[in-house]
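Step one of this worksheet: look at the structure below.
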Amino acid sequence: MAFSWIRNWTRKKNQAIASESELQSVLPEIAQDLIYRFDLSKKKELRLTWANESLLKFFQFDGPLPSEGIEWESWPTVPPEDQEILETKKEASLRGLPFQAEYRVITKSGETVWIRDVTKIYKDPNDSDTVRVYGSIQDIHLRKKNEIALRDQLEYIQILLDSTDEWVVQLNRSGNVQYVNSSGRQEVKNQFGISLFKGIELSSLISPEHKEIFTAQLAKAFAGEKVKWHFSRLFPTEKNSELEVSFAPLKREGTIKEAVVFLKDVTLRTVWETALLASEEKYRKLVEVCPDGIGLHSNGKLIYLNDSGLRILGYTSPQEVEGRSISDFVHPDSRALMAERIRKSLESKVQAAAIEEKFLRKDGTEVYVEVTGIAFQQRNSDFMQVIFRDISERKKSQQELTDLRKKIMLTNDRLKAILQGVNDSICAVDMDMRIMACNTSFELLVWRLYGKRVTEGNYITDVFITDAKERNTVVENWSRALRGEVFRVERRVSGLIDENLVFEINYSSIRDFSHNMVGATQVIRDVTERYQYEETLRISLNEKEMMLKEIHHRVKNNLQVVSSLLGLQAEFVDDPKLVSIIQECERRIRSMALIHKELYQNESISDADFREYLNNLLIALVQSYGASRKVKYLVQSEELKLNLDYAIPLALVLNELVSNSLKYAFPGDRTGNIRIAIYRADERLILEMSDDGIGLPPGFDIRQSESLGLQLVGMLLGKLKADWELLPSESGAHYRILLSGLP
């Protein structure tokens with residue numbers, strides 16, 4: 001094509017040949033082939049003087065050709081078997097003959113390539129001698145490679161058909177045999193006594209019960225389908241046979257004209273499959289219920305992964321993982337180690353030891369696993385079965401345990417520093433009374449008391465062996481602690497250095513995490529100074545208490561003297577009203593004297609027994625008014641202790657209220673009852689005083705009363721910040737007092 005264009009172009013221009021520059025500038029643009037030119041000298045020598053850029057690149061020449069060209073020997077090297085073709089090309093060029101051939105050349109990079117080489121001769125118009133040889137090269141390497149591969153494939157297919165165990169039969173649309181491979185001819189003859197040859201109708205040889213099914217499957221193949229069927233006793237024979245028959249269409253020129261039938265004897269396989277199905281099902285169930293991940297891979301591709309493996313890696317179905325590279329599931333940190341272990345396992349076929357690796361979940365997170373595996377070979381392929389277990393929780397627990405150990409060691413060091421720094425003596429023993437730990441204070445204390453050195457590992461009984469009584473006391477206390485008792489004792493001990501020491505000793509047991517007893521501990525505190533100080537305080541307090549009781553006794557006596565003086569004074573007064581006033585004052589003083597009497601007779605000098613006081617007050621008032629025969633009284637109260645700030649004002653209040661009832665509630669011969677109730681409710685103290693006498697006038701207001709007694713009651717309760725009221729009653733008077741903030 002390129003040379004035809006050149007000739008037309010030169011003919012139109014009426015030129016014998018285009019100029020070199022013009023030709024070389026046009027050819028690279030219009031030619032799709034690799035173009036070159038050889039010049040022939042008078043000495044019959046060929047030199048490559050020009051080539052387009054495509055050829056230079058194809059043959060890997062170093063840059064453009066020199067102006068003088070290059071010798072024939074610089075033409076690319078050819079294999080020895082193609083050397084004759086190259087010599088033929090040279091001879092044809094020298095003789096002025098065109099050349100066309102297909103041969104191989106070897107490029108500078110060492111690659112062997114097929115080319116198609118076509119040359120044309122240009123002769124001198126004057127003497128008809130050959131002066132130039134133009135050539136065109138096409139790269140036909142791919143075509144030749146395909147032709148060779150196709151030819152090899154056809155030969156390979158023929159070999160496969162003749163060597164395969166399957167019986168291959170080619171049928172036309174009439175069902176007549178067109179081809180039978182050697183295995184088919186021999187095995188059908190040997191097993192069933194039937195001869196298969198070209199032209200025979202295959203369906204005529206088949207058992208009647210299978211003929212309809214066979215014909216139907218063959219029709220599907222001619223319709224373009226690929227089908228498979230399993231036949232028992234396809235051919236009429238007494239021998240039990242199982243054949244697996246595949247039907248496939250065979251196209252020629254785009255039309256299905258024939259079909260191929262593949263017959264495989266699966267009698268033995270069927271027997272084995274039936275026997276292995278139960279075993280395989282058991283194994284599969286075992287694999288599926290296994291809590292560990294179980295996988296199978298070959299050539300770096302994952303073939304199978306059980307449900308536990310899917311769950312560990314975060315997948316839901318096998319389709320998500322099957323066929324993927326196993327590196328997709330291994331953390332980059334573990335991939336090199338994994339590859340090396342697989343290589344060694346495949347070489348040695350020995351089970352790989354269990355190690356810890358990091359896998360990747362579907363969401364990209366890491367998971368720590370313990371992996372083991374074993375390699376095996378099946379059907380000339382290498383497989384590796386892997387078992388892995390999720391140890392993330394275990395790793396987490398190990399890390400937490402490591403951190404905990406560090407904290408425990410740190411805490412232990414701190415506790416040791418604290419124990420060594422405290423003044424208390426601390427010692428811990430095991431169940432055999434062997435010292436497990438003790439601080440420096442304990443060692444010094446033992447030295448002060450018994451003159452012995454003690455260290456960890458000594459038996460506690462050895463410390464007190466010189467004093468049998470002391471030894472028995474110490475052993476008994478430790479025994480109680482080792483039985484689980486927690487107790488405290490105070491002991492006076494006379495030591496070698498210090499005498500009359502007082503110790504406060506706390507014993508407790510030591511238990512492990514299972515609550516089993518493993519030992520006991522004691523903390524000894526020297527309380528000698530505190531004990532001496534407390535004894536001094538106790539003596540001082542006793543002295544002060546006696547003094548206060550004496551003061552209360554003297555106050556009570558003084559109040560009684562004042563009361564007696566008022567009584568004597570009343571005898572010398574003729575005015576009845578003044579006598580009444582003096583007697584009221586006398587009763588009030590007597591009620592205060594009763595409080596001081598309760599204080600110095602009570603065990604505590606700060607609080608008075610108010611319930612006992614009320615009983616004594618009612619007795620004194622009833623007797624004072626001469627009403628012991630007609631008025632009964634009742635005090636309802638739990639044990640109540642009140643200090644002077646509350647006791648004296650309340651005593652005066654109740655004195656006034658009870659005195660009013662005795663004076664006005666029971667005139668003449670009227671009899672009745674007086675009741676005092678004290679109780680607590682809603683963190684408040686409630687006092688109720690009531691009588692069943694004639695009662696108060698209707699509309700009586702206790703806060704507007706002109707009675708000195710009630711005014712005194714209001715004033716005293718106001719100082720106590722107490723509320724008081726007169727409650728409605730069918731008969732008599734009913735007072736209620738509410739106090740808050742009592743200690």
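- Contact check on Lys395 versus Glu366 returns no salt bridge, with no Lys/Arg side-chain nitrogen under 4.0 Å from an Asp/Glu carboxylate oxygen.
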Candidate pair Val713 and Ile737, rule side chain to side chain contact (heavy atoms under 4.5 Å, CB included), full reasoning: CA-CA 11 Å; Val713 169; Ile737 302 169; 5.6 Å; no

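- Crowding of Arg483 atom CZ: a count of heavy atoms from other residues, nucleotides or ligands under 6.0 Å exceeding 12.
- Side chain of Asp723 to backbone of Ser740: no donor-acceptor contact under 3.5 angstrom is found.
- Between atom CG of residue Asn516 and atom OG of residue Ser509 there is a gap of 11.5 Å, rounded to the nearest 0.5 Å.
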Test side chain to side chain contact (heavy atoms under 4.5 Å, CB included) applied to Leu482 and Met431, step by step: CA-CA 7 Å; Leu482 291 173; Met431 297 302 293; 4.0 Å; yes

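- Residue Tyr664 comes nearest to Pro667 through the heavy atom pair O-CD, 3.8 Å, listed as atom of the first residue, atom of the second, then distance.
- The 12-atom threshold is not exceeded at NZ of Lys396, counting heavy atoms of other residues, nucleotides or ligands nearer than 6.0 Å.
- In this structure, Asp432 contributes its side chain and Arg434 its backbone to no donor-acceptor pair below 3.5 Å.
- In this structure, Arg480 is not positioned above the aromatic face of Tyr507 in the sense of NZ or CZ being under 6.0 Å from the six-membered ring centre and within 45° of the axis.
- No hydrogens or angles considered: nothing links the side chains of Gln636 and Tyr679 as a donor-acceptor pair under 3.5 Å.
- A heavy-atom distance below 4.5 Å is found between the side chains of Leu739 and Leu650.
- With respect to the salt-bridge test (charged N to carboxylate O, under 4.0 angstrom), the residues Glu476 and Lys469 do not qualify.
- In this structure, CD in Gln398 is found 11.0 Å from CD in Glu400, a value given to the nearest 0.5 Å.
- To the nearest 0.5 Å, the span separating OG1 on Thr473 from CZ on Arg491 amounts to 5.0 Å.
- Looking at Arg394 and Tyr368, their side chains never come closer than 4.5 Å, going by heavy atoms from C-beta outward.
- Looking at His734 and Glu688, their side chains do bring a donor and an acceptor atom within 3.5 Å of each other.
- Between Asp691 and Gly693, the shortest heavy-atom contact is OD1-N, 3.0 Å.
- Residues Ser308 and Asp292 approach most closely at CB-O, 3.4 Å, considering heavy atoms.
- Interatomic distance, Ser637 OG to Ile678 CD1, rounded to the nearest 0.5 Å: 4.5 Å.
- To the nearest 0.5 angstrom, Leu687 atom CG is 9.0 Å from Leu717 atom CG.
- The closest side-chain heavy-atom distance from Phe388 to Glu357 is not below 4.5 Å.
- Taking the side-chain contact (heavy atoms from CB on, under 4.5 Å) definition, one finds that Glu320 meets it with Tyr315, Thr316, Ser317, Lys362, sequence neighbours left out.
- For the pair Ile510 and Met436, the minimum side-chain heavy-atom distance is below 4.5 Å.
- When only modelled atom types and interatomic distance are considered, Asp403 and Gln399 share a side-chain donor-acceptor pair under 3.5 Å.
- Note that OG of Ser661 and CG of Asn673 are 11.5 Å apart. Values are rounded to the nearest 0.5 Å.
- Using a 3.5 Å distance cut-off with no hydrogens or angles, the side chains of Ser514 and Asp512 do not pair a donor with an acceptor.
- Of all heavy-atom pairs between Ser508 and Ala481, the closest is O-CB, 4.3 Å.
- The shortest distance between side-chain heavy atoms of Ile674 and Phe666 falls below 4.5 Å.
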Test side chain to side chain contact (heavy atoms under 4.5 Å, CB included) applied to Met433 and Ser479, step by step: CA-CA 9 Å; Met433 293 191 185; Ser479 299; 3.4 Å; yes

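- Between the Asn477 side chain and the Val474 main chain, no donor and acceptor come within less than 3.5 Å of each other.
- Using a 4.5 Å cut-off on side-chain heavy atoms (C-beta onward), Tyr459 and Ile435 make no contact.
- Between Arg361 and Ser392 the shortest heavy-atom distance is NH2-OG, 4.3 Å.
- With a 4.5 Å cut-off on side-chain heavy atoms, Phe503 and Leu501 count as touching.
- Of all the heavy atoms in Leu657 and Met689, the pair that sits closest is O-CE, 3.7 Å.
- Between the side chain of Asp424 and the backbone N or O of Val523, no donor-acceptor pair lies under 3.5 Å.
- Residues Ile312 and Phe359 fail the side-chain proximity criterion, which asks for heavy atoms closer than 4.5 Å.
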